[in-house]
Amino acid sequence: MDSSFDPEAIEQSLYRDWEEKNYFAPAGNGEGYCVLIPPPNVTGTLHMGHAFNQTLMDTLIRYQRMKGRQTLWQMGTDHAGIATQMLVERQLEEKGQTRQDIGREAFTKKVWEWRENSGGTIARQIRRMGSSLDWSRDRFTMDDGYALAVQTVFERLYDEGLIYRGQRLVNWDPKLGTAISDLEVENIEEQGHMWHFRYPLKDGLLTQDGEDHLTVATTRPETMLGDTAVAVHPEDERYQHLIGGRVELPLTDRSIPIIGDAYVDSEFGTGCVKITPAHDFNDNEVGQRHNLAAINIFTESAFINDAAPEAYQGLAREDARKKVVEDLEVLGLLARIEEHTLSVPRGDRSGAIIEPLLTDQWFVKIKPLAEPAIEAVKNGDIQFVPKQYENTYFSWMYDIQDWCISRQQWWGHQIPAFYDDSGAIFVAADEAAAREKYGLDPSVNLREDEDVLETWFSSALWPFATLGWPEETPELDTFLPSNTLVTGHDIIFFWVARMIMMTLHFTGKVPFHTVYIHGLVRDGEGHKMSKTKGNGLDPLDFIDGISLDQLVEKRTSNLTQPQMAPRIEKVTRKDFPDGIPAYGTDALRFTFCALATTGRDVRFDLNRIEGNRNFCNKLWNATKFVLSNTEEWDVGSPYQVTVADQWITSKAHTLLKDVEYALETYRFDIFASKIYDFAWHEYCDWYLELTKPLLWDEDIPEEQKNGIRRTLLSTLEILLRIAHPVVPYITETMWAEVAARMKLPVSTIMLQAYPELVDLKFDAQAEAQIEWLKSVVTGLRTIRGEANIKPSQPIPVIFQNGDENDRKRALDCEAILRRLAKVDKITWLAEADAPPANALALVDQLKVMVPLAGLIDVDAERSRIEKEMEKAQQELKRLQGKLSNEKFVANAPEEVVQSERDKEAAVQLRLGTLTGQLAQLQELT
RNA sequence: AGGCGCGUAGCUCAGUUGGUUAGAGCGCUGCCUUGACAUGGCAGAGGUCACCAGUUCGAAUCUGGUCGUGCCUACCA
């Protein structure tokens, strides 16, 4: 084996091997266990969030597979309507074409071609993460089977009256030319203005203050062209008398009514609100209450249309705003302008300012679907981990609005609806089906709906559509409900809630029992990673490494804001002066697990992955040690176990118990840290070191050595199986060697059973013995360290005050002790005898002493003892204070009081010994 | 504005139902080329648990408040 671990040498070939042998597919006849992958966008490339998510899912899947469950983790990708269409449109644009130029059919064909050729990037990247996904059942949200599921769902919901078409005010993205859902709108705080306009009162009306106009305020002056009323609060004494009157709408030849509506907050501004039902959600509601007309003044690209006065027609909304303000100022109707911070709605894909627009769209009537979905979480059929996300879920679900599902796009599932010349609607899979279903005469002219369904509509069907629904398949029986959904909190509404609603409605089952919500991956400063900010990281760069120059190039190319490039370059050169070394997949995965604490966002820290790469190397070298020290070992040789063997076996028992509990409770961080701690600080630091003196001592009987070799191998073998779910590559590689040495029937660690507690005996006595040994050795090392005695210099040791146990342990461990602490002579002193001047370590009552003569600086030793005493005194004071408090003694549970008493006695004794020690040292000066 | 989090060592984070001397990794200091590993070994320094008040025999942990910080939702024109 190589002297250090080289991930690159093993990863890719191992993965190919696993995949070729179909190890990832469900196997055996254990109980089903299924994890749903959040299908990545087919246009996507792997980012840190995916890598994090993938790691956690794969850890669960590998664990359950080894536990004997029939596991399904099915690969799939999402057609990502808007993202994909934008991407292909951009390609057309480079050739100077638009999608309209080539037409719908040719365009969608191009998108399919793009998917064939370039859609596999993320799949390749996911493979590099070591994800044991079942690729043989790869699905796409637009494949034939999936399309059938989508059509079926749409048609059934329509027939049940849960999908309807209607003209509503929707969020309109003027850049993409489509409606989008509430969730796809991001509200961004921006600096803007508030304009105050005077609307002259008609018919000689006056306000209470004698003004001949009402002053209204707006952040969107151009919309005044579509105003159809001014509203005041019905109980506002200033304006009450004007309700029913009219004002003149400047710049137009219209006059509009003054209405009273409780929506108006009379405290705010002037207490007068201009009402634009066609371009504001609140105004629209007011408009409906008062039967106001909704005058739409925008085209679909957000230019002023011909419903507005001619002077403004054809202007972009920004230009119209300028002109409206200027014109009002000229008329003397601009009262004032204020600075104002407002939140601007922008499309999450295009970044364009969203315009509320009246259009015909398809909606899902959501309340009837939401009710059972709320109930499923309430009654515990579905549980969120961490639980607090249930509140997030509930608060949205209780207040849920009808879901706009139609998009004015070309790429996606075309809505299976047809219209006759009168506009009557017929919903069916295709035209022929529609004619049959509705008994339409062949002479009836049918026109197909041109819109597509929004992507999340199809994603919502993922739990059952991927298992063959609407067919009744064995997979639906075995894998629905799935077990754990692993996802970030950013898509609880987009995806999780909608899956729950749809799956319950169409299958009567919940889609999953547990929703594990992990945090978002942020950069070292805690900022969200984004291409625009240039602080994004590619998980593959941690696996394969990348030079600084390449990293800079990567971060600054194809920027939407090229002017950011110099800044990004500067930051990158500062944060990664040497680029990124190749850490390998296992180190990356281990790091993600270690960072996955409950529900908290994770800052990705380079130091962590480096430390974990080192951990992998540690495992590698431990294996090397074990293999080189078990060469002459044979399975059948007679053997005898030592206390060290019993101890490490006992520790492995505890490890396994902890690790299983950690995974059951989704504490991936504990899972990782327990493994780390056992492997490094118990197995390597102590057990391997303990075996050396025994294996290399000619006086140790061969049976004992065989026992040690056996334990070295078996413990490592178990450790590898325990760790495999998180670090699959290195464990597979090392396991092959270890298993061969143990003459196990070799196949793959992937399909081995997870270790079981019954195979590992907990042994309190062995633990006590080795803990004793550790204390003695550590005590001696501390003396060496403080006294600056070279590790190479042998020291004599004197024991005193020990009990029978100490004597027995010292005898049992003598060989180990001599070697580990480099002790050349061990003597026991009777209690009554005075020890020579010495440096002291205490193991309970046992005095472990190193004679000073020629070795130790008396002053240094004295100050060390003084420090020890000070600590002990503080502790004593604390304990005595507690115990002299009558209330404590009276109220605290007996065992707590007793344990404090025991501690006090121990500290007293310790202090006494240290005092004697100090006195002796004083005499020496 | 409402909701949900967070604030523990220089940094990134653990700390289970209140009860050892509050822990880990990285970093830092000193020593060590000992026959798995310098991507290593050994030892060590470092914390008023944001602040204030309360409950309790006892608070990092529970309650209320203050400050700082992050996210989500809704938005007053």
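Here is how names work: the chains are called A, B, and so on, in the same order as the sequence lines, proteins then strands, and each is numbered from 1. Quick caveat: nothing in here was measured; it's all calculated off a predicted structure.
- Remark on RNA chain B: of its neighbouring residues A/T623 and A/D182, the 5'-side contact belongs to A/T623, judged by nearest-heavy-atom nucleotide.
- With B/U20, B/A77, B/A36 as the choices, the nucleotide that has an atom nearest any side-chain atom of A/K274 turns out to be B/A77.
- B/U61 is unpaired under the criterion used here, namely a Watson-Crick or G-U wobble arrangement in which both key atom distances are under 3.5 Å.
- Between A/K774 and A/E771 there is a salt bridge, with a side-chain nitrogen of the basic residue lying less than 4.0 Å from a carboxylate oxygen of the acidic one.
- In this structure, of B/A36, B/A77, B/C57, it is B/A36 that holds the atom nearest to the side chain of A/C684.
- Heavy atoms of A/L342 sit nowhere under 4.0 angstrom from any nucleic acid atom.
- Taking the ring centroids of A/F542 and A/F592, they lie at or beyond the 6.0 Å cut-off.
- Between A/I517 atom CD1 and A/T487 atom OG1 the span is 6.0 Å, to the nearest 0.5 Å.
- In this structure, B/C31 and B/G41 make a Watson-Crick or G-U wobble pair, each of the two defining distances being under 3.5 angstrom.
- Relative orientation of the A/F493 and A/W396 rings is parallel, given thresholds of 30° and 60° on the angle between their planes.
- For B/G25, one of the phosphate oxygens OP1 or OP2 lies less than 4.0 angstrom from a side-chain nitrogen or oxygen of A/H681.
- Minimum atom distance to the side chain of A/N621 is reached by B/C37, of the listed B/C37, B/G5, B/G35.
- For the atom pair NE2 of A/H489 and CZ of A/F384, the computed distance is 13.0 Å after rounding to the nearest 0.5 Å.
- Residue A/W680 places at least one side-chain N or O closer than 4.0 Å to OP1 or OP2 of B/G41.
- Going from the P atom of B/A53 to that of B/G18 covers 23 Å, rounded to whole Å.
- Looking at heavy-atom distances under 4.0 Å, A/R864 makes no contact with the nucleic acid at all.
- In this structure, A/N614 reaches the B/G40 phosphate: one of its side-chain N or O atoms is under 4.0 Å from OP1 or OP2.
- Rounded to a whole angstrom, the distance from the C1' atom of B/U56 to that of B/G64 is 16 Å.
- Candidate nucleotides B/A36, B/G44, B/C42 were compared by shortest atom distance to the side chain of A/K624, and B/A36 ranks first.
- Note on A/W696: a base of the nucleic acid sits closer than 4.0 angstrom, heavy atoms only.
- The shortest distance between the side-chain N/O atoms of A/K882 and the OP1/OP2 oxygens of B/C57 is not below 4.0 Å.
- Rounded to a whole angstrom, the distance from the C1' atom of B/G46 to that of B/U34 is 30 Å.
- Comparing B/C42, B/A36, B/C57 by their closest approach to the side chain of A/F888 singles out B/C57.
- Nucleic acid contact for A/N391: none, since no nucleic acid atom lies under 4.0 Å from a heavy atom of the residue.
- Between A/R603 and the phosphate of B/C13, there is a side-chain N or O to OP1/OP2 separation shorter than 4.0 Å.
- Projected onto RNA chain B by closest heavy-atom contact, A/W620 and A/T782 fall at different nucleotides, the more 5' of which corresponds to A/W620.
- Using P as the reference atom, B/A59 and B/A22 are 14 Å apart when rounded to the nearest Å.
- When the side-chain nitrogen and oxygen atoms of A/K822 are compared with OP1 and OP2 of B/C42, none of them lie within a distance under 4.0 Å.
- To the nearest whole angstrom, the two C1' atoms, one in B/G68 and one in B/U8, are 16 Å apart.
- The side chain of A/F625 approaches B/A36 more closely than any other nucleotide in the set B/A36, B/G25, B/U20.
- OP1 or OP2 of B/C76 lies within a sub-4.0 Å distance of a side-chain N or O belonging to A/N282.
- Residue A/K618 places at least one side-chain N or O closer than 4.0 Å to OP1 or OP2 of B/G41.
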Can A/E870 and A/K867 be said to form a salt bridge (charged side-chain N to carboxylate O under 4.0 Å, His left out), step by step? CA-CA 5 Å; A/E870 203 179 312; A/K867 242 166 50 188; over 6 Å; no

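- Applying the 6.0 Å contact sphere to CZ of A/F394 captures more than 12 heavy atoms from other residues, nucleotides or ligands.
- Phosphate proximity of B/U12 to A/R600: absent, as no side-chain N or O sits under 4.0 Å from OP1 or OP2.
- Taking atom P in both B/C51 and B/C67, one finds a spacing of 16 Å when rounded to whole Å.
- Among the atoms of the strands shown, only primed sugar atoms or phosphate atoms (P, OP1, OP2) are found under 4.0 Å from some heavy atom of A/Y676.
- Using C1' as the reference atom, B/A9 and B/G25 are 12 Å apart when rounded to the nearest Å.
- Here A/K692 lies in heavy-atom contact (under 4.0 Å) with a base.
- Proximity note for A/F493 (side chain, C-beta onward) versus B/A14, B/U73, B/C57: the nearest is B/U73.
- Rounding to the nearest 0.5 angstrom, the gap separating the CE atom in A/M734 from the CG atom in A/L716 is 6.0 Å.
- Remark: B/A24 base-pairs with B/U12. Criterion, Watson-Crick or G-U wobble with two distances under 3.5 Å.
- In this structure, of B/G15, B/C26, B/C57, it is B/C26 that holds the atom nearest to the side chain of A/N607.
- Centre separation under 5.5 Å together with a plane angle under 30° does not hold for the ring of A/F268 and the six-membered base ring of B/A77, so they are not marked as stacked.
- Rounded to a whole angstrom, the distance from the P atom of B/C31 to that of B/C37 is 24 Å.
- Nearest nucleotide to the A/T219 side chain, out of B/C57, B/C32, B/A77: B/A77.
- Side-chain proximity of A/T597 to the nucleotides B/A77, B/C13, B/U20 is greatest for B/C13.
- With values rounded to the nearest 0.5 angstrom, A/L720 atom CG is found 5.5 Å from A/T623 atom OG1.
- Not one side-chain nitrogen or oxygen of A/R613 sits closer than 4.0 Å to the OP1 or OP2 atom of B/C37.
- Checking B/C4 for Watson-Crick or G-U wobble geometry (two distances, each under 3.5 Å) identifies B/G70 as its partner.
- Taking 4.0 angstrom as the limit, A/S4 places none of its side-chain polar atoms (N or O) nearer than this to OP1 or OP2 of B/U39.
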